[in-house]
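Here's the structure, in structure tokens; my notes come after.
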Amino acid sequence: MADPMRIRAKLQGDTADVRILMRHPMETGTRKTSSGVVPLHFIQSVIVQHNGKTVLDAQWSQAVSQNPFLGVRVKGAKVGDKISVTWTDNKGDKRTDEVAVAAGS
Amino acid sequence: MKQLRRNFLKLSSGAGAIAAVAAAGLLQTGSTWAAPWNKSGFESKAVADIQKNLGVTNLIDSEDIVITAPDIAENGAIVPVAVTSKIPNTQRIIIIAENNPFPLAASFDLMDGAEGYVSTRIKMGKTSAVRVIVKADGKFYMATKEVKVTVGGCG
Amino acid sequence: MKKMRGISLAALSTVALLALAPPVSAQGDLSVGRKMLVEDNPGELWIDQGKGLFYQKRGPNKVSLEQCDFGMGPGKLEGAAARLPRYFADTDRVEDLESRLLTCMTVLQGFDRKALIKQAIGRPRTKGSDMEALALYVTSHSNGMKVNVTLNHQKEYDAYKAGEYIFYRRSGQTDFGCVQCHGEPNKRIRLQDLVHMTSKAGAQEVASTWPAYRGAHYIVRTMQWRLNDCVWQMRLPDLKYGTDYSIALTTYLNHRGNDAVMQVPGFKR
Amino acid sequence: MKTTWIKWSAFAATGLIVAGCATYPDQATTKQLAEKMVFEAFTASPEHKQRLVQDRSQQICSKVGDEKLTQSEAAEVVKLARASIKYPASGKLVGDWKTGDKLAHNGSGDRIRRGKVEKRKENGALCQNCHALAPGEINVGNVGPALTGYGKQRGNSEAIAKYTYDKIYNAWAVFPCSNMPRLGATGHLTPEQITHMVAFMIDPQSPINK
């Protein structure tokens with residue numbers, strides 16, 4: 001099972017600054033180890049939703065770095081709003097995590 | 001460490017592998033209706049082909065696209081790239097590492113209140129221009145920034 | 001008696017060779033990328049991993065690490081790592097973070113020490129070792145607190161002075177001690193910055209940023225790994241895990257790094 | 001006062017500690033403790049363990065903190081260094097700059113992992129790690145002075161060739177206890193390899209003199 005993401009969502013004015021760290025190998029399909037070539041394995045799609053409404057729909061290649069980071073900003077957010085993130089990789093593995101928008105510091 | 005680096009430099013030289021994945025079918029992301037993964041775009045080796053496959057036409061150079069990335073990346077495997085588009089109604093941000101074997105790194109569709117901003121990290125095999133294409137109100141705008149990639153390391 | 005300093009002689013050679021302006025500035029050209037990477041550090045993903053391992057009942061004794069004493073009392077993690085290395089009466093030894101974890105995992109949980117050591121340095125591009133995740137989890141409880149490594153016990157004084165001695169001790173194929181690379185400000189091996197460890201600020205950087213996410217390996221590393229890699233580049237033989245040598249060096253560096261504010265995971269290229 | 005402390009630390013070394021009286025051990029005790037730590041810290045064959053043993057010059061050059069090198073010590077290091085220098089059988093000190101260029105950018109050789117020395121055809125000269133080389137080259141260190149234009153400034157006379165050869169073979173013959181490894185004297189580079197380094201440094205065609 002995929003590891004949980006680490007999501008921070010902080011309100012700055014009326015905009016939520018959303019920072020997402022995911023754990024994923026993002027294998028390019030060409031890396032050789034003693035036990036052969038590691039198959040291509042990467043996140044292809046990331047969807048960010050604000051209170052259930054999609055605000056970002058991303059498509060990635062294997063050129064996104066291992067243990068990916070994604071930062072987005074969502075306008076019209078309030079403290080307590082739900083931000084959910086779903087990634088899906090080329091093997092069909094997926095993971096969804098959710099946080100509430102926190103007050104900015 | 002050296003091994004890591006060498007493997008990295010061979011980054012995505014296997015087009016066949018990608019084709020196989022893509023052939024397995026378009027992605028289903030459950031309740032969320034993700035747009036189908038742009039197989040032809042991600043498989044293209046030339047920037048012109050990527051643009052064709054993504055339907056990019058009549059590119060306009062724009063100073064309203066700000067690319068934040070290092071001038072010199074110490075580690076080509078983690079090159080931070082942030083894009084801020086000040087163009088109104090920015091709908092899509094596309095990041096292309098021109099000298100990568102498969103240059104199209106990522107494409108972001110923004111909707112319903114997302115600001116014209118994304119930040120991520122990409123792998124770069126060698127020094128290259130990072131090209132950012134922004135789609136706004138159906139028009140396409142472009143900016144580039146050169147990122148020098150040194151092999152780095154101690155070995 | 002008339003005395004000369006080796007270092008000023010070396011400086012002379014610099015003048016003689018009319019050093020040109022350095023082609024790259026770590027402060028300028030490289031800083032943008034570094035700042036971006038530190039702000040959102042994938043190493044944070046290891047904190048949860050370490051937390052899971054910490055509370056899980058593990059080992060032949062099927063107990064968690066909740067009774068492990070990192071110096072503030074059993075199970076007290078707040079600020080504990082910021083005071084390591086320190087003397088522990090139960091082992092009658094100065095221990096650093098990694099060696100203390102080894103002690104708890106063997107004594108409390110019943111793991112075999114040799115087996116733990118064999119796996120303590122994880123392979124790149126994996127989830128890393130249990131040790132690496134645990135070390136980060138424990139240290140994360142000192143975030144925002146000041147490094148405070150005190151010398152009270154005689155063995156702490158001994159470790160400090162031995163660490164200093166080792167820092168300057170030159171041997172092997174490269175004639176290197178630690179100070180050859182870490183004794184002057186603004187130095188680099190190729191493009192990699194070398195921490196100026198003989199300065200207070202440099203020692204503080206060392207004391208407050210490990211464990212760290214090592215970008216090139218995609219996993220979290222501990223100070224013990226850093227020392228192993230240095231020693232390898234120095235052309236010395238294989239450094240054993242958790243020996244007095246490492247603990248002494250870490251005592252020397254961390255004590256001089258006192259008052260730095262802990263912020264882990266660090267981010268290293 | 002001072003002698004009291006030294007006595008106490010001697011007790012400490014034998015395990016007799018009285019609370020409240022702990023302090024820094026004296027130099028001799030420190031050395032004894034630290035040397036023991038060094039020799040216990042590594043897994044190594046007897047041959048590799050030799051790398052931990054300091055030669056006379058390394059001992060002299062391991063001054064702790066602000067401790068200074070005396071004039072007689074400096075003279076001894078220079079003397080030992082001069083005596084160490086061996087020249088290639090051919091007597092020719094200037095080799096091929098292209099080979100030197102490759103070696104200058106090679107940072108490998110002689111490292112030990114899991115008891116094995118890394119497999120390489122030859123050891124690299126490690127220059128790039130610490131010195132700026134050709135103009136505009138980015139991926140270079142600065143622990144040592146820039147070598148850019150080295151030959152341009154000095155020319156390529158026989159005297160410069162010899163000076164350069166000696167400096168690379170044993171840097172301490174010129175600057176005692178400098179940070180630079182004694183590349184020939186420690187056996188890291190062969191005399192023949194050093195001739196290529198000399199060519200790389202002084203040949204007008206070499207990229208560092210462009």
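Sequence lines set the chain letters: A, B, ... in the order given, protein chains first and strands last, and positions in each chain run from 1.
Atom CG of B:D137 is surrounded by more than 12 heavy atoms from other residues, nucleotides or ligands within 6.0 Å. Residue-environment remark: NZ (B:K139) stays at or below the threshold of 12 foreign heavy atoms within 6.0 Å.
Distance alone, capped at 3.5 Å, places no donor-acceptor pair between the B:W37 side chain and the A:N90 backbone.
The CZ atom of B:F42 sits 8.0 Å away from the CD atom of A:Q44 when rounded to the nearest 0.5 Å. One finds the CZ atom of B:F108 at 11.0 Å from the CG atom of A:D57 (value rounded to the nearest 0.5 Å). One distance of note links OG of A:S61 with CD1 of B:I122; it measures 8.5 Å at 0.5 Å rounding. Summarising the geometry, atom CG belonging to B:N100 is positioned 11.0 Å from atom OG1 belonging to A:T28; distances are rounded to the nearest 0.5 Å. Separating the CZ atom in A:R73 from the CG atom in B:L110 is a distance of 12.0 Å, to the nearest 0.5 Å.
Considering only heavy atoms from C-beta on, A:F69 stays 4.5 Å or farther from B:I78 through its side chain. Two residues are said to be in side-chain contact when any heavy atoms from C-beta on lie closer than 4.5 Å; B:V118 and A:L56 meet this criterion. Side-chain contact between A:Q62 and B:F102 is present, with heavy atoms from C-beta onward closer than 4.5 Å.
Residue with the most contacts toward chain A among B:S107, B:A82, B:G41, B:A97: B:S107 (heavy-atom pairs, distance under 4.5 Å). When the candidates A:V64, A:V74, A:N67, A:I20 are compared by the number of heavy-atom contacts under 4.5 Å with chain B, A:V64 comes out ahead.
Contact record, B:K123 with A:Q66: CE-N, 4.0 Å, taken as the closest heavy-atom pair. The shortest heavy-atom contact between B:A114 and A:V55 is CB-O, 3.3 Å. Across all non-hydrogen atoms, the minimal contact from A:Q59 to B:N38 is OE1-N, 2.8 Å. Closest approach of B:Y117 to A:G71, counting heavy atoms only: CE2-O, 3.8 Å.
Using a 4.5 Å cut-off between heavy atoms, B:V81 does not touch chain A at all.
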**OP:** Just do the side-chain contact (heavy atoms from CB on, under 4.5 Å) check on A:T15 and B:E115 with the steps written out, would you?
**Re:** CA-CA 8 Å; A:T15 301; B:E115 251 183 39; 3.4 Å; yes

Original post:
Between A:T54 and B:M111, does a side-chain contact (heavy atoms from CB on, under 4.5 Å) hold up when you go through it step by step?
Top reply: CA-CA 7 Å; A:T54 299; B:M111 53 201 91; 4.1 Å; yes

